[in-house]
Amino acid sequence: MDPDRLLDDLNDAQRAAVTSTAAPLCIIAGAGSGKTRVLTRRIGHRVATGDADPRHVLALTFTRKAAGELGKRLRALGMRDTVAAGTFHSVAYAQLRARWTERDVRPPELLDRKVRFVAGLVPRDVKAVDVVGEIEWATARRIGPGTYVHEASLANRTPPVPAKVVASVFERYEEAKRQRRMIDFDDLLRLCIRDLADPEVAAAQRWRFRHLFVDEFQDVNPLQFDLLKGWLGDRPDLCVVGDPNQAIYAWNGADAGYLTDFERWFPGSGQVELSENYRSSPQILAVANAVLSPSRPKSSPLRANRPEGPAPTIVKYANDDSEAKGIARAVRDAHSPGSRWSSQAVLVRTNAQTALVGEALRSAGIPHRVRGGTGLLEQAEVRTALANLRRHPGTYTAAIADLAASIGDGEPATDDEAEVPTDQSDAVAERRASLEMLVRLAHDYERIDPIPSVSSFAGWLSATVGSDSPDRDAVDVTTFHAAKGLEWPIVHLGGLEHGLVPIGHAKTAGALAEERRLFYVAVTRAEQRLRCTWAETRTFGQRTMNREASPYLEQVEAAASMAVLAGEGPSDWKAFLRHEREKLATTDPRSPRTGRRGRRGAPAGLDPDDTEIFEALKRWRATKAKAAGVPAYVVFSDATLVAVAGARPSNRSQLRSLPGIGPVKIERHGDELLAVVAEHAS
Ligand code: ATP
Ligand code: MG
């Protein structure tokens, strides 16, 4: 490919990032600014200019889904066949597999039901899942059972189980694994790091992967970072991209400091920033920026480049069931003939919520894919195909080629075939899609294991693919966490309630900040339409509880109602205010005002006549903000107070028509605000 063509549709900063000769290189930028695009283009560009050999490129990320997205984009650049793209775990597993095969070592058994295993080790009154969470955090931070208690207290951690209990279960867990010759997922990384201390292993691995790229680097943890350093050796050929405002795995041991302090870890490295957003409409971006604003974001707001779209909406339901049904209806309404179901996603905070939404979509007859639903490996034809592969007398490559041939000679169903509708009831197509996915993964595997075999492929599959289902046209139902890095034209966010968003167990300032970033991740997945919902009651097991709107919805609502206006400059404000004043001028028709400037230092759009009422509103706002412990602009922005001062609304519906004020704000502050206006209006 002509290298220059890879630069054509990039902006200047992106082009600089793609062509920069700095090494290592760190690219920091907000959501939807083209980080993943730049990463894949940089790979393509280096390959096209002969600066990198695609067979020696390794593109890393954290989740299977994100790796799939990376692979998809590399494929679109015509490169997938040679470039290895995978998760830390999948690449580590392939490295270990190769070594076991080479040395004729029987591979240890991979422990994929950790919670069940730990359940046999915990005291009766302790939940295994709570301890597992702590063990995972500790392992990610490279902390062992012996130092867990000390380190957990240093890190200000409040484990759900006394730290001493965690430490003793942790110790027993490590011992039980050793005795039974089992390893867990994190052991894959630990074993790799250990192996890399052997110069021969290190040399072979570094020979294989010379050009390293990491997406979503804000979520790297110390264990992964050490492995990355092992793979890199003392070479500088590393490029990472990330967004500190999307760091959502600190609870699990990740450390965004590797990204933000990249220069400290890699002295002499280069850094590029990107500031344009290419994913979302200005309306959605305004909401995203507002969601982040109270958290002292680690970068300046992004600028929008996409066409205008509808303002994001917030809908309240009576209960969780009707919310799920309402989401299903909205999904159907948004599905126009000829559009793809996969252009929509329903995102929720917890895994448990996905089941409810999935069920509602199922009864509405809407094809969907719930993470953790029926997976590839549970499908009968996939199991049969794997069994046949094992019995195949030839080489791995020959076995896979035979499998591919057996599927039929039609065109493979790649992602590029976006226009071909898939009828969910068409079992043949479904079966074919699964087998094609299997073949595709088999080729993926061939690229990371130099001595591939069917049995190591099967092991790798269950370790990495788990229950992900194949690519078919379906609505994605997934958690906020699992949606990271992905994008959809239409996004439905469900269960936006106190206790879920932010999650109830987030108590510390750090945990709450992470929840806010997580919500930012969720909002920034949307390209054209964003629909937010919540329910007034929700049932957990036997208990039905009353719910309140998520506090983040206040910012969504404020920004969304402002975003109804095209653009957001003060000049638009003036026009808007004039319009609103005329609309509201019922009893006391105030002469339509021209856009006179207020006194020096006054906010844009404030008429001198409104100064007094504006100041009164600000005083009221200050007391509210103080009481709630939030910055004043979280209660209402200056622009909103200017609008209130100018329009002098006398009832809730007049309030409602003002920018920055929607039902959530009205519920919370409406009456007091009207009282302040009434007092100062005369
Ligand atoms: P996230 O932080 O969510 O991972 P990101 O920074 O990786 O986002 P991308 O996914 O690479 O962003 O880009 C967002 C969208 O914008 C993609 O659809 C991408 O193809 C598109 N895009 C990026 N840069 C440009 C550009 N210069 N011109 C047109 N479209 C672009
Ligand atoms: Mg990305």
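FYI, side chains are in, hydrogens and waters are out, and symmetry mates aren't considered; it's all heavy atoms of this structure. Count residues from 1 along the sequence. Order of listing sets the numbers, starting from 1, for every ligand and every atom in it.
- Counting only heavy atoms from C-beta outward, the side chains of E308 and P282 approach each other to under 4.5 Å.
- H492 and Q344 are linked by a side-chain donor-acceptor pair at a separation below 3.5 angstrom, with hydrogens and angles left out of the test.
- By the 4.5 Å heavy-atom criterion applied to side chains, C239 and I27 are counted as neighbours.
- For an aromatic pair to be called close, the ring centres must be under 6.0 Å apart, and H368 with W341 fails this.
- Contact of the Q14 side chain with the E276 side chain is not registered, since no non-hydrogen atoms from C-beta on lie closer than 4.5 Å.
- Here the protein heavy atom with the shortest distance to atom 18 (O) of ligand 1 is E487 OE2, 2.6 Å.
- The closest protein non-hydrogen atom to atom 5 (P) of ligand 1 is K35 N, 3.4 Å.
- Closest approach of A94 to Y445, counting heavy atoms only: CB-CE1, 4.3 Å.
- The closest approach between D243 and ligand 1 stays at or above 4.0 Å for every heavy atom of the residue.
- For ligand 1 and R525, the ligand atoms under 4.0 Å from any heavy atom of the residue are 3 (O).
- Using a 4.0 Å cut-off between heavy atoms, D9 contacts ligand 1 through its backbone alone, with no side-chain atom that close.
- At least one donor-acceptor pair closer than 3.5 Å links the side chain of E514 to the backbone N or O of A250.
- Using a 4.0 Å cutoff on heavy atoms, E69 does not count as a contact of ligand 1.
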Exercise. Can you check side-chain contact (heavy atoms from CB on, under 4.5 Å) on R517 and Q218, steps first, answer last?
Worked result: CA-CA 12 Å; R517 292 192 297 268; Q218 73 279 358; over 6 Å; no

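- Ligand 1 lies nowhere less than 4.0 angstrom from a heavy atom belonging to A29.
- Proximity of T524 to ligand 1 is not established, as no heavy-atom distance is less than 4.0 Å.
- For ligand 1, the atoms closer than 4.0 angstrom to any heavy atom of E216 are 4 (O).
- Atom numbering of ligand 1 starts at 1 in the shown order; those under 4.0 Å from a heavy atom of G30 are 6 (O).
- Applying the 6.0 Å contact sphere to CZ of R235 captures more than 12 heavy atoms from other residues, nucleotides or ligands.
- Those atoms of ligand 1 with a heavy atom of G485 less than 4.0 angstrom away are 4 (O).
- Protein heavy atom in closest approach to atom 23 (C) of ligand 1: R37 CD, 3.1 Å.
- Residue-ligand proximity: K484 is placed with every non-hydrogen atom at 4.0 Å or more from ligand 1.
- Which parts of ligand 1 touch L10 is read off a 4.0 Å heavy-atom cut-off, strictly below it: atoms 27 (N).
- Residue nearest to atom 9 (P) of ligand 1, selected from E276, Q14, R15, R73: R73 (by heavy-atom distance).
- Proximity of E527 to ligand 1 is not established, as no heavy-atom distance is less than 4.0 Å.
- Of the N and O atoms on the side chains of E323 and T533, at least one donor lies less than 3.5 Å from an acceptor on the other residue.
- When each atom of ligand 1 is checked for a heavy atom of G32 under 4.0 Å away, the hits are 1 (P), 2 (O), 3 (O), 5 (P), 6 (O), 8 (O), 12 (O), 14 (C).
- Within ligand 1, the atoms closer than 4.0 Å to a non-hydrogen atom of G34 are 5 (P), 6 (O), 9 (P), 11 (O), 12 (O), 13 (O), 23 (C), numbered from 1 in the order shown.
- A254 approaches N221 most closely through the heavy-atom pair CA-CB, 3.7 Å.
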